[in-house]
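In the text below, chain A, chain B and the rest are named by the order of the sequence lines, each starting its count at 1.
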Amino acid sequence: MRTLDDIAEIIRSKNAGIGYFTVDILFRDRKAYEAARSVMTRERVAQAYGVDLETITDLVHFDAGLAIKVTFPRSVVAGGPGLGETDLFGSGQYAPLLDVEVPP
Amino acid sequence: MIVGSCGGAGTDRGVEAYAAIVDRIGRARGRAYETALIFAEKTRDWLREQLRAAGPDEVRPTTPLLDEPIEDAIGASDRLVAAMGSQPILAALDGGAQVVLAGRACDDALFAAAGIRHGAQPAVAYLAGKLLENASLVAEPFVLRESILAELDGDELVLEPMLAEQRCTVVSVAAELMYERRTPLEQYGPGGVLDLDGVKIEQLDERRVRLRGAVYRNAAPTLKLEGAGAVGYRSMCVAGCRDPRMIAALDPILEDLRARVQASGAEVATNVFGRDAVMGSLEPARSRAHEVGIVIETLAPTQAEANSAALLAKRLLFSAKFPSQKQTGGSIVSMIDEFVECGRSYRWTVNHVIGVVDASAPFRTETRRLGATR
């Protein structure tokens with residue numbers, strides 16, 4: 001079956017403020033967006049990351065932009081409380097969503 | 001010309017540094033520029049006074065990760081800024097400034113002020129600011145540091161990239177509306193909120209996108225405050241490992257290493273590239289790499305102590321013991337027998353939103369004639 005990585009135009013992550021990672025998934029055409037929108041629930045995202053449902057703080061379906069946005073907290077504040085930072089700008093946190101299957 | 005947040009952090013030093021640049025350019029060209037400098041840096045006592053006036057319910061951290069009491073956070077802050085909205089910039093433009101050098105400012109306010117000054121509807125002006133704040137990132141293909149032209153006309157906004165090889169598309173514009181925030185649908189500022197729930201994005205022609213449907217509402221005045229404080233000095237060392245048994249035994253090895261470095265008086269963090277250095281505890285992958293890179297960071301009150309701790313960590317890795325070990329000449333590889341000094345290290349101390357009476361009052365504006373006519 002095709003995956004998000006097959007049909008999305010953009011899949012990326014970044015910090016949202018200093019306390020959150022946010023993942024953006026954007027599509028070139030409405031059909032692909034609507035198919036992805038139907039499977040991209042908070043439950044599916046939590047499953048992809050292996051976290052509790054509550055950890056996924058925001059899931060936005062941005063119809064006007066054919067885009068899906070997922071947000072969850074960082075484990076440490078950006079830059080760390082001292083040590084502890086693994087991804088300063090949050091740009092490496094989206095890979096678990098690449099393999100989400102999207103039915104036709 | 002409006003520049004902000006000068007220096008990135010938007011402290012007074014940043015504003016003065018940009019003033020020196022404008023002055024130097026003016027003198028070189030034989031031109032003088034009426035310049036407004038808008039300062040955003042605040043003292044710890046100023047913030048304490050704001051808290052007294054506002055009350056504890058009016059101060060909210062932007063993340064639960066900042067969980068120390070606000071009084072402790074202020075005490076730990078070396079520098080503090082408040083982020084200005086469009087009002088102080090508008091006032092500077094109304095005062096006749098040709099150049100505005102702003103300290104910490106909301107990115108969209110820099111552009112919104114210009115739009116509003118020339119009669120644009122606030123909703124369209126703030127939407128323009130939001131989409132222009134990262135310049136050519138609003139267009140595709142991905143190119144940095146190129147210009148974008150925004151046309152504000154009634155309730156419409158049209159964006160056009162100036163670099164011929166770029167074009168604005170629904171995807172590129174929607175992506176910028178999403179960028180670095182939890183939702184594309186609303187954005188709060190010091191005096192109001194931009195509501196994009198009804199926004200429409202359309203491809204106007206091959207290179208331009210038109211947006212309509214943005215709404216701007218006034219809101220109770222607030223200020224975003226930012227502060228940083230030093231936490232010590234950092235050092236780093238890097239090693240590689242190509243021994244399958246050591247890779248399998250890495251967790252207890254690193255646990256022991258961390259305990260011993262901590263006992264020597266430094267903080268320590270270990271990062272294993274090829275396993276979970278990028279995603280940390282979120283990493284779902286479980287495959288075993290044939291090779292890993294180990295980066296160890298140390299943090300201590302002085303650079304010398306951080307360096308000693310990094311050296312200790314390297315030695316401990318080199319002499320690590322693990323079951324069925326056959327490599328007895330040193331289990332890790334090094335490119336150089338050195339550590340990396342990283343200098344003074346800081347943390348976020350303040351990242352809070354505070355209710356205020358007047359969101360413009362904290363920003364002091366000074367006018368200067370920079371450069372010189374010949």
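For B/Ala277, the part lying under 4.5 angstrom from a heavy atom of chain A is the backbone only. Using a 4.5 Å cut-off between heavy atoms, A/Val76 touches chain B through its backbone atoms (N, CA, C, O) alone. Heavy atoms of A/Leu66 lying under 4.5 Å from chain B are absent altogether. Contacts of A/Phe27 with chain B are made by backbone atoms alone, with heavy-atom separations under 4.5 Å and no side-chain atom involved. A/Val77 touches chain B through backbone and side chain together, each having a heavy atom under 4.5 Å away. Neither the backbone nor the side chain of A/Leu88 has a heavy atom closer than 4.5 Å to any heavy atom of chain B. In this structure, chain B has a heavy atom under 4.5 Å from the side chain of A/Arg12, while its backbone stays farther away. Of the atoms belonging to A/Thr86, heavy atoms from both backbone and side chain fall under 4.5 Å from chain B. If you measure heavy-atom distances from A/Tyr49 to chain B, the contacts under 4.5 Å come from both the backbone and the side chain. Proximity to chain B (any heavy atom under 4.5 Å) is restricted, for A/Glu9, to the side chain, taken from C-beta onward. For A/Asn15, the part lying near chain B is the backbone, with the side chain staying farther off; criterion is any non-hydrogen pair under 4.5 Å.
Residues A/Asp87 and B/Met279 form no side-chain contact, since every pair of their non-hydrogen atoms from C-beta on lies 4.5 Å or further apart. No side-chain heavy atom of B/Glu283 sits under 4.5 Å from any side-chain heavy atom of A/Pro96. Annotation: side chain of B/Thr63 is not in contact with side chain of A/Arg74 (no heavy-atom distance under 4.5 Å). In this structure the side chain of B/Leu282 reaches within 4.5 angstrom of the side chain of A/Phe72, judged on heavy atoms. Between B/Thr62 and A/Tyr20 there is no side-chain heavy-atom pair separated by less than 4.5 Å.
The greatest number of non-hydrogen atom pairs below 4.5 Å with chain B, out of A/Asp58, A/Thr57, A/Thr22, is found for A/Asp58. Most heavy-atom pairs under 4.5 Å with chain B: of the set A/Gly82, A/Gly80, A/Ser75, A/Gly90, this distinction falls to A/Gly82. By number of non-hydrogen pairs under 4.5 angstrom with chain B, the leading residue of A/Gly79, A/Pro81, A/Ala48, A/Pro73 is A/Pro81.
Taken from OG1 in B/Thr183 to CZ in A/Phe62, the straight-line distance is 8.0 Å, to the nearest 0.5 Å. In this structure, B/Leu185 CG and A/Asp63 CG are separated by 9.5 Å, a value rounded to the nearest 0.5 Å.
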So A/Arg28 and B/Glu140, salt bridge (Lys or Arg N to Asp or Glu O under 4.0 Å) or not? Walk me through it. CA-CA 13 Å; A/Arg28 204 55 98 176; B/Glu140 55 176 292; 2.9 Å; yes

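Judged by distance alone, the side chain of A/Lys69 and the main-chain N or O of B/Met178 form a donor-acceptor pair under 3.5 Å.
Around the OH atom of A/Tyr94, the shell of radius 6.0 Å holds no more than 12 heavy atoms that belong to other residues, nucleotides or ligands.
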